[in-house]
Student: 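Have a look at this one.
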Amino acid sequence: MARALVKENVSEAFKKAVFIIASVLIVFIALRNSIIWHLEEFWGGSKSLWTSLWGSIYHLFGENDAYMYTIASTLCPFLVFLLANLGFAFVDLTGKPLAIHQYKIQKDKNIPVNWEQYKKVLKRSVFNGLVVGLIINACMLPLYQRTMSCGYELPSFPTTLCHLFVYMLIEEVGFYYSHRLLHHRRVYRHIHKTHHEWTAPVSITSIYCHPLEHVLSNILPLVMGPVVMGSHLSVAWLWYIMGIVNTTIVHSGYHLPFLPSSEAHDFHHETFNQNYGVFGILDRL
């Protein structure tokens, strides 16, 4: 019954998403020249916030591409991870405000979260985000330098949009199949079981996992898109930020208004054998 209800909810959400995306595309096509001009002005203009911010970061790291690909590309996503979890951390540890409980998917579970359990998750998440992340970025540095670019000049908005679309496809395939592999009976108990200790997840558990899983399912599907597309590092960072914020939300345990639904992945944690993908595309095929 619960499975049928979730499938119905997911189906309705998918239909709504298709309708919204189609509507947006129609409007975008009709107004594309004006929209693209204004967005390019924002994206590539010398006085734009993003350009100025990127230039400041690039200057901070001495205009050294190796530092940007390794140290900066580790610190930036991790800082976003911490910031994205601040609000949820307060809710999870205090159980307040009470009004938010109406949006809790698995009612009365982990409200509030035990501090000792939370501290255990925090330690592993910090290790994965900083130590494992830096090691992988350092190992992949030669590949980054051969395939990607890094400098003050940012790509155009259409290029950025195109790259992000390809990233989404690569992420869906990479995460889905690596996730299915981690659920194989000979692999699960040695690696993926750590992540599934939380049958009712909270936001910080998004990167609470075995380090090998963090590499295989969290890092590689995320970074392969920029590598395949030969992207500018700024676009890769934008993608990393989007991915981190999304996984934080879908592990939060709450279906909050105006935010992506976390019900599908929450159901995966509850049942273990449903909803393996990020966007649900391969789960439907």
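What's counted below: heavy atoms across the whole structure, side chains too, no hydrogens, waters or symmetry copies.
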Student: Taking atom types as modelled, is there a side-chain donor on His265 or His269 under 3.5 Å from an acceptor on the other?
Tutor: yes
Student: State whether the side chain of Thr205 and the backbone N or O of Val202 hold a donor-acceptor pair below 3.5 Å, judged by distance alone.
Tutor: yes
Student: For His184, does the NE2 atom sit with more than 12 other heavy atoms under 6.0 Å from it, leaving out its own atoms?
Tutor: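 Counting neighbours around NE2 of His184, more than 12 heavy atoms of other residues, nucleotides or ligands fall under 6.0 Å, so yes.
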Student: Would you check if there is a donor-acceptor pair between the side chains of Ser73 and Asn137 at a distance under 3.5 Å?
Tutor: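 Looking only at side-chain atoms, Ser73 and Asn137 do not form any donor-acceptor pair under 3.5 Å.
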Student: Please determine, by modelled atom types, if His192 and His183 share a side-chain donor-acceptor pair under 3.5 angstrom.
Tutor: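 Judged by distance alone, the side chains do pair up.
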Student: Where do Leu93 and Pro112 come nearest, in terms of heavy atoms and distance?
Tutor: O-CB, 3.5 Å
Student: Okay, side chain of Glu172, backbone of Leu169: is any donor-acceptor separation there less than 3.5 Å?
Tutor: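 Not confirmed, Glu172 side chain does not pair with Leu169 backbone.
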Student: Is it true that His210 and His190 have ring centroids separated by less than 6.0 Å?
Tutor: no
Student: Any chain of hydrophobic side-chain contacts (each under 4.5 Å) joining Leu143 to Leu141?
Tutor: yes
Student: Any chance the side chains of His232 and His163 put a donor and an acceptor closer than 3.5 Å?
Tutor: no
Student: Determine, for Tyr254 and Lys104, whether the Lys NZ or Arg CZ falls below 6.0 Å from the six-membered ring centre while staying within 45 degrees of the axis.
Tutor: yes
Student: Salt bridge or not for Arg124 and Glu197, using N-O below 4.0 Å?
Tutor: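 Here Arg124 does not pair with Glu197 in a salt bridge, since their nearest N and O are not under 4.0 Å apart.
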